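Below is one structure, written out as structure tokens, with a few remarks after it.
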Amino acid sequence: MTENDQAPLRVIAIDGPAGSGKSTVARAVAERVGLPYLDTGAMYRSVAFAALRGGVDPEDGEVVGNLAESLSIDVSPEGTVTVDGVDATIEIRGPEVTRAVSVVAANPRVRGEMRRRQREWAEVRGGGVMEGRDIGSVVFPDAALKVYLDAAPEVRAARRSKEVTDLDYETVAADLARRDALDQGREHDPLREADGAFVVDTSDLSIDDIVDVILERLG
Ligand code: DC
């Protein structure tokens, strides 16, 4: 069989900033269309987790690049994350990893390795619903559907502060603004709307509404 005979991958890319509703929506869409789901942000968080755990400076591009290329990362569909055999499910969502992850995600070697793994993940499964920042723009620019979810900064901060009960709204809003600036301003694969992306402002929509709009678009 030649390469052209292979069934095309069915990838649904869901990108957007933190608090845009990506994770909940991507999971629900995956369930409704019967495709596997991957949270690619958990992969970048896993690299940051491993760096912190190993006493590596997240800013040290070369050491973090080597680390990413040799690291075993397992992100299960249920959301458990195992990094080199260690259960990192809780810690990758904690404040230390959240602070360090943007600089790790700006590292071009880390990005190259994660991109390679993400493409492989979809290829062995025939596709999937993949959420992140650059899925539609870089990882799968030919995805069957590219969605970009967005919402007003104060709405996103309010959603996030409901999830992280130990931090006040101001702290969460400031952290979100800092991460937005880093994700959008980085040199390699910055967060942006992919060409041809279906853009949804989720500020005034419920999760069910967003899922319905996406499924309608999918046809
Ligand atoms: O979605 P999240 O907050 O878990 O993402 C964590 C970090 O990883 C965030 O700073 C952006 C980065 N990221 C990325 O650069 N590319 C992706 N495809 C997914 C996440």
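In listed order, ligands and their atoms are each counted from 1. Please read these numbers as outputs of a predicted model, since none were measured by experiment.
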- Message: Listing request: all side-chain hydrogen bond (donor to acceptor under 3.5 Å, both in side chains) pairs with a residue in residues 83-94, at least two apart in sequence or in separate chains.
- Response: D39-R93, D87-T89
- Answer with side chain, backbone, both or neither: which part of H188 has a heavy atom less than 4.0 angstrom from an atom of ligand 1? neither
- Note on the structure: Which of V200, D212, V211, V25 passes side chain to side chain contact (heavy atoms under 4.5 Å, CB included) with L205? It is V200
- State the OG1-CD1 distance between T24 and I207, to the nearest 0.5 angstrom. 4.5 Å
- Task: Please determine if Q118 has a nitrogen or oxygen closer than 3.5 Å to a nitrogen or oxygen of ligand 1.
- Result: no
- Identity and separation of the nearest protein heavy atom to atom 4 (O) of ligand 1: R45 NE, 2.7 Å
- d(D183 CG, D15 CG) to nearest 0.5 Å is 11.0 Å
- Query: Counting only heavy atoms not in R186, do more than 12 fall under 6.0 Å of its CZ?
  - Reply: yes
- Name the option, out of R179, M114, R178, that contains the heavy atom nearest to atom 3 (O) of ligand 1. R179
- Message: Return the closest protein heavy atom for atom 8 (O) of ligand 1 as residue, atom name and distance.
- Response: Y44 CB, 3.6 Å
- Item | From the candidates L38, D134, D180, T98, the one that places a heavy atom nearest atom 18 (N) of ligand 1 | D134
- Task: Check R111 against ligand 1 and report side chain, backbone, both or neither, counting heavy atoms closer than 4.0 Å.
- Result: side chain
- Query: For T40 and ligand 1, does the shortest N/O to N/O distance drop below 3.5 Å?
  - Reply: yes
- Query: Looking at ligand 1, does R186 have a heavy atom less than 4.0 Å from it?
  - Reply: yes
- Contact with ligand 1 for S102, non-hydrogen, under 4.0 angstrom: yes
- Message: Among all protein heavy atoms in this structure, tell me which lies nearest to atom 20 (C) of ligand 1, with the distance rounded to 0.1 Å.
- Response: G41 CA, 3.5 Å
- Counting from 1 in the order shown, the ligand 1 atoms closer than 4.0 Å to a non-hydrogen atom of D183 are 9 (C), 10 (O), 11 (C)
- Task: State the atoms of ligand 1, each with its element, that fall below the 4.0 Å cut-off from a heavy-atom position in A105.
- Result: 12 (C), 15 (O)
- Message: If you compare all heavy atoms of I73 against all heavy atoms of V47, which two are closest, and at what distance to 0.1 Å?
- Response: CD1-CG2, 4.1 Å
- Message: Under the side-chain hydrogen bond (donor to acceptor under 3.5 Å, both in side chains) definition, can you give me all pairs with a residue in residues 147-159, not counting sequence neighbours?
- Response: R156-D180, R159-T202
- Could you check R27 against E31 for salt bridge (Lys or Arg N to Asp or Glu O under 4.0 Å), going step by step and ending with a plain yes or no? CA-CA 6 Å; R27 269 177 206 284; E31 175 113 332; over 6 Å; no
- In the protein, which heavy atom is nearest to atom 1 (O) of ligand 1, and how far is it? R133 NH1, 2.8 Å
- Query: Any side-chain heavy atom of W121 within less than 4.5 Å of one from P36?
  - Reply: yes
